[in-house]
Amino acid sequence: MIRFLIAGLMVLMVSNANAVKNETHFKYCKQYVENGFKTTDIDTLKCYVYFTGVYEVLYDACYQYQQSLSNLNDSQKSIFEYLAVGKALSLDSAIQHYVDKMQNAPEDWNYSAGGDVRRSLQAMYKCKPE
């Protein structure tokens with residue numbers, strides 16, 4: 001049930017034509033971190049939901065990678081390794097990583113947040129072949 005709620009919120013967040021920019025997402029996530037990793041309003045919820053949506057998709061990529069490893073060629077393995085994120089017990093460390101990175105990289109604020117969110121998730125949760 002919670003996945004349906006998160007999926008619904010993700011649809012609402014990305015329904016306009018423009019992807020969320022790092023500047024906006026950083027502000028949401030900074031507030032989430034400053035609130036002790038608690039969703040206290042819609043903006044902190046947007047941070048958590050965005051990270052959760054990206055994580056769910058990329059963790060599934062890791063699972064598919066692990067299940068299909070023996071049948072993949074080198075090019076396919078490279079794609080999975082580029083995208084996949086390993087198992088996380090909590091997303092908080094990746095969110096903290098993202099906030100720290102964005103705080104020190106305002107030159108990246110105009111870019112879409114998706115790639116930087118993926119890199120923060122991968123920095124904390126590596127997808128390892130089984």
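If you're wondering where the values come from, they're calculated on a predicted model, not measured in any experiment. Position 1 is the first residue of the sequence; numbering continues from there.
A chain of hydrophobic side-chain contacts below 4.5 Å, direct or via other Ile, Leu, Val, Met, Phe, Trp or Tyr residues, connects Ile95 to Val57.
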Acceptor/donor pairs from residues 109-116 side chains to any protein atom, 3.5 angstrom cut, sequence neighbours excluded:
residue : atom : partner : partner atom : Å
Trp109  : NE1  : Met102  : O            : 2.9
Asp116  : OD1  : Lys101  : NZ           : 2.5
Asp116  : OD1  : Arg119  : NH2          : 3.1
Asp116  : OD2  : Asn22   : ND2          : 2.7

Could you pull out every donor-acceptor pair under 3.5 Å between side chains of residues 76-86 and any protein atom, sequence neighbours left out?
residue : atom : partner : partner atom : Å
Gln76   : OE1  : Asn73   : N            : 2.9
Ser78   : OG   : Asp74   : O            : 3.1
Glu81   : OE2  : Tyr65   : OH           : 2.8
Tyr82   : OH   : Arg118  : NH2          : 2.9

**OP:** Could you walk me through whether Thr44 and Tyr28 pass side-chain contact (heavy atoms from CB on, under 4.5 Å), step by step?
**Re:** CA-CA 5 Å; Thr44 56; Tyr28 297 155; over 6 Å; no
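Shown here for His25 and Cys47, the closest heavy-atom pair between the two residues is CE1-CA, 3.7 Å.
Sorted by first and then second residue, the disulfide (SG to SG under 2.5 Å) pairs involving residues 73-103 (not counting sequence neighbours) form an empty list. Pairs of residues two or more places apart, or lying in two chains, never qualify as disulfide (SG to SG under 2.5 Å) while including a residue from residues 71-107. Applying the disulfide (SG to SG under 2.5 Å) test to every pair with at least one member in residues 84-130, sequence neighbours left out, gives these pairs: Cys62-Cys127. Counting only residues at least two apart or in different chains, disulfide (SG to SG under 2.5 Å) contacts with residues 64-112 are absent.
The closest donor-acceptor contact from the side chain of Thr52 to the backbone of Tyr48 lies under 3.5 Å. No donor-acceptor distance shorter than 3.5 angstrom exists from the side chain of Lys27 to the backbone of Glu23, with no hydrogens or angles considered.
Aromatic ring centroids of Phe51 and Tyr55 lie 6.0 Å or more apart.
Alongside Tyr63, the hydrophobic cluster contains no other residue (criterion: ILVMFWY side chains under 4.5 Å).
For Thr40, the side chain to side chain donor-acceptor pair (under 3.5 Å) test picks out Asn35, with sequence neighbours left out. For Asp60, the side chain to side chain donor-acceptor pair (under 3.5 Å) test picks out no residue, with sequence neighbours left out. Take Gln64 and apply the side chain to side chain donor-acceptor pair (under 3.5 Å) test, not counting sequence neighbours, and it matches no residue. Partners of Tyr125 under the ring-ring contact (aromatic ring centres under 6.0 Å, His included) rule, at least two apart in sequence or in another chain, do not exist in this structure. Among residues two or more places apart in sequence or in another chain, the side chain to side chain donor-acceptor pair (under 3.5 Å) test is passed with Gln66 by none.
Contact check for Gln96 versus Asp92: no side-chain heavy atoms found under the 4.5 Å cut-off.
Residues Ser68 and Asn71 bring no donor and acceptor atom of their side chains to less than 3.5 Å of each other.
Going from atom NE2 of His97 over to atom CD of Gln122 covers 10.5 Å, rounded to the nearest 0.5 Å.
The aromatic rings of Tyr32 and Phe37 lie perpendicular to each other, with more than 60° between the two planes, well past the 30° mark.
Of the candidates Lys30, Gln31, Lys38, Glu34 forms a side-chain hydrogen bond (donor to acceptor under 3.5 Å, both in side chains) with just one, namely Lys30.
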